[in-house]
Amino acid sequence: MIIALVGAGGYGGAYIHFFQEGLLPGLTLDAVVEPYIEKAPAAEWIRAQQIPVFQTLEELYDVMTPDLTILSTPIPLHVPQAVFCMEHGSHVLCEKPLTPSFDDAMLLKLVSERTGKKLGVGFQWSFSDTMLSLKKDIASGVLGRPLFFKTHISWVRPESYYADSNWKGRIRNAAGDLVCDSILTNATAHYLHNIFFLNGASMESASMPTELRGFLGRVYPIETFDTCFVEGLLPNGCRFLHIASHGAEINSEPKLEYTFENATVYFDSNTDPTLYAVFKDGHRKEYGQPLSEREVSQKVSRMVEAITNDTLPCCGVDTILPHLTTCAKLLEQVPIHTYPVEDQCLQLRGGSWFTYARGLYEQMDQYYQDGTVPENAVTVQL
Ligand SMILES: NC(=O)c1ccc[n+]([C@@H]2O[C@H](COP(=O)([O-])OP(=O)(O)OC[C@H]3O[C@@H](n4cnc5c(N)ncnc54)[C@H](O)[C@@H]3O)[C@@H](O)[C@H]2O)c1
């Protein structure tokens with residue numbers, strides 16, 4: 001199996017780390033495409049391993065045709081690069097978000113079907129032991145009917161997070177390409193997608209909301225939003241709530257509570273790396289540690305399995321449509337509340353400046369506990 005990685009800096013470093021740390025037994029990294037290789041933290045390791053580095057995809061495909069090409073590049077490159085790789089004979093694992101537009105996602109699906117090449121999307125939880133065994137238990141009815149899934153993330157970000165980027169928090173990047181970047185498509189995307197994924201009718205599918213309401217806010221001076229309170233309903237009757245911000249005072253790692261008829265699933269990565277269910281009869285079942293490097297690296301090993309066994313990738317184009325649609329409709333239809341300057345605080349932490357909205361963290365916590373969104377949340381037409 002020949003594997004190539006496109007984009008070795010930024011998040012591409014995580015893929016290199018999987019290989020460096022031996023998390024992908026039996027698999028090797030055979031080529032890298034990266035125009036700025038000297039800037040990549042793993043440049044020295046890549047050189048030491050004598051992994052060939054190419055400036056462009058065209059140069060790579062002149063020399064070899066990877067069985068699997070991993071795309072960890074900026075969002076506007078996903079469509080042209082995925083099309084190029086599939087048309088030149090490779091299966092593709094593309095980082096999330098696959099594309100900001102539904103039409104582009106459909107185009108990629110068509111190319112995948114026409115070329116017979118698989119296209120996986122790198123939402124790592126959808127490939128992980130933890131979530132796949134939980135999903136199997138949901139499908140078998142062990143936990144009972146899903147009733148209410150909620151997630152909470154308060155990831156503080158310094159001002160430089162947006163100020164130093166030409167695409168974060170923007171509708172279009174500096175070159176004019178559509179990115180529609182927000183906290184919901186980027187940092188906390190995994191946790192909203194996971195709700196749809198676990199409620200999917202089959203192992204590879206995800207559930208499209210039938211009702212959606214949202215309150216969107218921005219603490220930082222960006223085009224889109226860095227704060228969101230989102231709730232909705234899925235066709236199986238499961239309600240969901242996703243609360244997230246980059247502009248609250250306190251940092252809090254992802255936590256979730258998924259309530260079923262017979263059990264509740266808990267995960268609070270602030271205190272415990274293990275996701276587990278507590279059943280009504282009191283017994284506890286541990287599913288795993290979904291943020292561990294081993295489980296995150298399974299997006300590569302399970303994509304390879306899908307290629308080898310000719311099965312569907314755990315997360316493909318259809319799987320991401322509920323998340324893509326939810327993000328797009330919210331951005332289109334919900335006005336974004338700008339937190340007034342008088343409610344903002346500036347704080348120096350570890351040499352970086354952070355802005356936060358006074359009282360926002362407490363508000364997020366309260367709504368998470370109450371299981372709802374602010375009253376002025378807007379209903380979205382789906
Ligand atoms: N799954 C996750 O948890 C996770 C986390 C972070 C980022 N991501 C995703 O990973 C992708 C990359 O994000 P990033 O923050 O690393 O972006 P980035 O802007 O840092 O770019 C990544 C790399 O792509 C390289 N690159 C640029 N143009 C290229 C080209 N034409 N060919 C090959 N390489 C090129 C850049 O030099 C850089 O090294 C995005 O889709 C992002 O959303 C996923």
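Every value quoted in this text rests on a predicted model; they were computed, and no experiment measured them. Both ligands and their constituent atoms are indexed starting at 1 by order of listing. Hydrogens, waters and symmetry mates play no part in the numbers below; they use all other heavy atoms, side chains included.
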I'd like the name of whichever of [options] reaches closest to [atom] through any heavy atom.
atom                    : options                      : answer
atom 28 (N) of ligand 1 : Val33, Leu77, Thr73, Leu291  : Leu77
atom 21 (O) of ligand 1 : Gly10, Ala8, Pro41, Pro74    : Pro74
atom 22 (C) of ligand 1 : Pro97, Pro80, Gly7, Ser72    : Ser72
atom 44 (C) of ligand 1 : His78, Glu95, Lys168, His190 : Glu95

Contact atoms of ligand 1, heavy-atom distance to [X] under 4.0 Å:
X      : result
Gly122 : 1 (N)
Gln81  : 30 (C), 31 (N), 32 (N)
Gln124 : 1 (N), 2 (C), 3 (O)
Tyr36  : 37 (O)
Lys299 : 1 (N)

Can you report which non-hydrogen protein atom sits closest to [atom], along with the distance?
atom                    : answer
atom 38 (C) of ligand 1 : Glu34 OE1, 3.5 Å
atom 9 (C) of ligand 1  : Lys96 O, 3.4 Å
atom 5 (C) of ligand 1  : Tyr11 CD1, 3.2 Å

Salt-bridge test for [X] and [Y]: reply yes if a basic N is under 4.0 Å from a carboxylate O, no otherwise.
X      : Y      : answer
Arg114 : Glu87  : yes
Arg284 : Glu286 : yes
Glu223 : Arg170 : no
Asp226 : Lys168 : no

Please determine whether any non-hydrogen atom of Pro35 lies less than 4.0 Å from an atom of ligand 1.
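Under 4.0 Å: yes for Pro35.
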Taking the six-membered ring for Trp and the single ring otherwise, decide whether the centroids of Phe267 and Trp125 are under 6.0 Å apart.
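Yes, ring centres under 6.0 Å apart.
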With a distance cut-off below 6.0 Å to the six-membered ring centre and an angular limit of 45° from the axis, does Arg349 pair with Phe354 as a cation-pi contact?
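Yes.
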Would atom 17 (O) of ligand 1 count as contacted, meaning some protein heavy atom under 4.0 Å?
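Flag for atom 17 (O) of ligand 1 set to false, no protein heavy atom closer than 4.0 Å.
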Taking C-beta and beyond as the side chain, do Tyr287 and Asp137 meet within less than 4.5 Å on heavy atoms?
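Touching, per the 4.5 Å side-chain cut-off.
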Under the salt bridge (charged side-chain N to carboxylate O under 4.0 Å, His left out) rule, what do Arg47 and Glu38 come out as? Steps first, then yes or no, please.
CA-CA 10 Å; Arg47 216 176 359 255; Glu38 290 315 320; 3.3 Å; yes
Please evaluate residues Ser90 and Tyr61 with respect to the criterion side chain to side chain donor-acceptor pair (under 3.5 Å), reporting the C-alpha separation (whole Å), side-chain torsions for both, the decisive distance (0.1 Å), and the verdict.
CA-CA 10 Å; Ser90 300; Tyr61 281 80; 2.7 Å; yes
